[in-house]
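For reference, the structure is listed below as structure tokens.
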Amino acid sequence: MLQTKSSLFERASKVTPPTAQRATKIGVVKAEGSYLYGEDGQKYLDFASGVAVMNVGHNHPEVVEAAKKQMDEMIHAGHNVVYYPSYIELAEKLNELNGGDHMVYFSNSGAEVNEGAIKLAKKVTKRPAVISFKRGFHGRTLAATSITASSAAYRKDYEGLMPSVYYADFPYVFRSNLSEEEEVERCIQQLEEIFKFQVTPDSVAAIILEPIQGEGGYIVPPQSFLERIRRICDDHGILLVFDEIQTGFGRTGKMFAYEHFNVKPDIITLAKGIASGFPLSALIAPKEIMEQWPAGTHGGTYGGNPVACAAALASIKILEEEGLSNSATLGKYFKGRLLELKDKYKVIGDVRGFGLMLAMELVKDDGTPDPEKLAHLRAFAEKKGVILLGCGTDKNVIRFIPPTTVTKQEIDLVLSIVEEGLTENE
């Protein structure tokens, strides 16, 4: 009897735990540009980008060439042991991109670099507490989970976590039914209540937030909110940390999202799009902060791997030459088309985002979240050969995160499939 070959999903189910479950059951064997190629021969237009990682597309020739060249020269030497060119050149480039007089520490993942930011803030300020924001996501290690408040499921059975963490409200104008000014004032007053009733500001080492919330729903705060947070930090000697792990490297049409708001943090954490899929993350802060982080108080074996750093340098070059401008231009076009769909279909409650970090919030007739519609739309798109991801604490927000090298034709194709999915069965 002829046996059918098991799919990659079926094979994985036998050897990997449920916690390693994917957003789809697709098995892929090749990636190029904006596309993934399935084991079954299906071609998928990838508007997930490895969850905002492949910011210059899959297997960009310049990234591949840089990585191969570095592999021929050196794969690993250990950044705790020696110095090597790609590490130093990337640190110099990130320093330049952030205005100079900064220092850079490399790790491997977003969660790891957020842990580093917490340790740095505590070391410099000698204070115990950290303030994070509801709906914020910062990773799944124990300390990163401690400052994550986008889902109680991430914390279940792991309590108690890192102590002295407090959670403030993040502006969500669409849900609040308040004006931007009123919603900002509400959130700031709630933060002031934390200072009044739970922890004094002179006990707070850091306030950490995503300048645009990712996992929590692609929520864009008013600029005035970030300006107010910056002033509060300045007034109380609190270090402001921006988690730019999902928003960095051209995702919003600028190299970093903070550039949209004219608010600069004290510490920036970066990962995802930094190296086109090679494991790498970076923590960046001014010299006067970083020089207070003594030798031996933080470390890691693989951080700043030579190949990952070479890939990052190539990725940044591509972003500067074409990705940033394409993200800004096509992001504006894409958002405009999504707003046109919003005018046509009541199920689209809100469209938001910058560049190619865009979202559509789906709601029922009464304005409440519609996670079923999101699940249907994702499944419909997958059947049509398009990979989309959801987000939001109510699982009703669809996010569009194509590479910055995406074409208008690819965007138009996705828009047509989304509209078809919205109207199906109506």
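Summarising the geometry, atom OG1 belonging to Thr148 is positioned 5.5 Å from atom NE2 belonging to His138; distances are rounded to the nearest 0.5 Å. With rounding to the nearest 0.5 angstrom, the CH2 atom of Trp293 is 10.5 Å from the NZ atom of Lys123. A distance of 6.5 Å separates CG in Asp370 from CG in Leu362, rounded to the nearest 0.5 Å. The OG1 atom of Thr404 lies 12.0 Å from the CZ atom of Phe249; values are rounded to the nearest 0.5 Å. One distance of note links CG of Leu239 with CD1 of Ile207; it measures 10.0 Å at 0.5 Å rounding. Annotation: the span from Arg352 atom CZ to Ile212 atom CD1 amounts to 11.0 Å, rounded to 0.5 Å.
Nearest approach of Tyr167 to Ala149, heavy atoms of both residues: CD2-CB, 3.9 Å. Taking all atoms of both residues into account, the shortest heavy-atom contact from Ser203 to Pro128 is O-CD, 3.1 Å. Nearest heavy-atom pair, Pro171 versus Pro222, reported as atom, atom and distance to 0.1 Å: CB-CD, 3.8 Å. The two residues Ala67 and Phe278 come nearest to each other via the heavy atoms CB-CZ, 3.7 Å. The two atoms that bring Ala117 and Val241 nearest to each other are CB-CG1, 4.1 Å, heavy atoms only. Here the shortest heavy-atom pairing between His102 and Asn98 reads CE1-O, 3.4 Å.
For the 3.5 Å distance criterion, the side chains of Glu182 and Ser179 qualify, holding a donor opposite an acceptor. Checking Tyr218 against Gln246 by side-chain atom types alone, a donor-acceptor pair falls below 3.5 Å. For the residue pair Ser276/Ser315, the side-chain donor-acceptor check at 3.5 Å is satisfied. For the residue pair Asn108 and Glu112, a side-chain donor N or O sits within less than 3.5 Å of a side-chain acceptor on the partner. Inspection of the Thr141 and Glu115 side chains reveals an N or O donor paired with an N or O acceptor under 3.5 Å. For the residue pair Glu193 / Gln189, no side-chain donor-acceptor distance below 3.5 Å is found, with atom types taken as modelled. Ser150 and Glu215 share no donor-acceptor pair across their side chains, judged by distance under 3.5 Å alone. A side-chain donor from one of Thr247 and Glu244 sits under 3.5 Å from a side-chain acceptor of the other.
For Tyr333, the OH atom sits in a packed shell: over 12 heavy atoms of surrounding residues, nucleotides or ligands are nearer than 6.0 Å. Within a 6.0 Å sphere centred on NZ of Lys156, heavy atoms belonging to other residues, nucleotides or ligands number 12 at most. Other residues, nucleotides and ligands place no more than 12 heavy atoms under 6.0 Å from the CE atom of Met71.
A donor-acceptor pair under 3.5 Å is formed between the side chain of Arg399 and the backbone N or O of Gly390. The backbone N or O of Ile387 sits nowhere less than 3.5 Å from a side-chain atom of Arg378 that would complete a donor-acceptor pair. Between the Glu10 side chain and the Ser7 main chain, a donor and an acceptor come within less than 3.5 Å of each other.
Both tests hold for Arg140 against Tyr154: distance to the six-membered ring centre under 6.0 Å, angle to the ring axis within 45°. For the pair Lys43 and Tyr37, the cation-pi test (distance below 6.0 Å, angle within 45°) is failed.
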- Starting from the C-alpha separation in whole Å, work towards a yes-or-no answer on side chain to side chain contact (heavy atoms under 4.5 Å, CB included) for Gln70 and Leu313. CA-CA 12 Å; Gln70 181 60 60; Leu313 285 163; over 6 Å; no
- Message: Is there a salt bridge (charged side-chain N to carboxylate O under 4.0 Å, His left out) between Arg230 and Asp234? Walk through the geometry before answering.
- Response: CA-CA 6 Å; Arg230 176 71 272 178; Asp234 291 340; 2.9 Å; yes
- Trace of the salt bridge (charged side-chain N to carboxylate O under 4.0 Å, His left out) decision for Glu320 with Lys317: CA-CA 5 Å; Glu320 290 182 322; Lys317 180 174 179 287; over 6 Å; no
- Query: Taking it one step at a time, do Phe106 and His79 satisfy ring pair (Phe, Tyr, Trp, His ring centres under 6.0 Å)?
  - Reply: CA-CA 9 Å; Phe106 293 116; His79 73 153; 8.0 Å; no
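Remark: Glu180 engages no residue in a salt bridge (charged side-chain N to carboxylate O under 4.0 Å, His left out) (not counting sequence neighbours). Applying the side chain to side chain contact (heavy atoms under 4.5 Å, CB included) criterion to Leu8, with sequence neighbours excluded, gives Arg11, Glu39. Every salt bridge (charged side-chain N to carboxylate O under 4.0 Å, His left out) that Lys134 has, sequence neighbours left out, goes to Asp169.
Phe256 and Tyr258 have parallel rings, their planes meeting at less than 30° on a 0 to 90° scale where 60° marks the start of perpendicular. Relative orientation of the Tyr302 and His76 rings is tilted, given thresholds of 30° and 60° on the angle between their planes.
Taking the ring centroids of Phe334 and Phe400, they lie under the 6.0 Å cut-off. Taking the six-membered ring for Trp and the full ring otherwise, the centers of His58 and Tyr35 sit at least 6.0 Å from each other. Ring centroid separation for the pair His236 and Phe195 comes in under the 6.0 Å cut-off.
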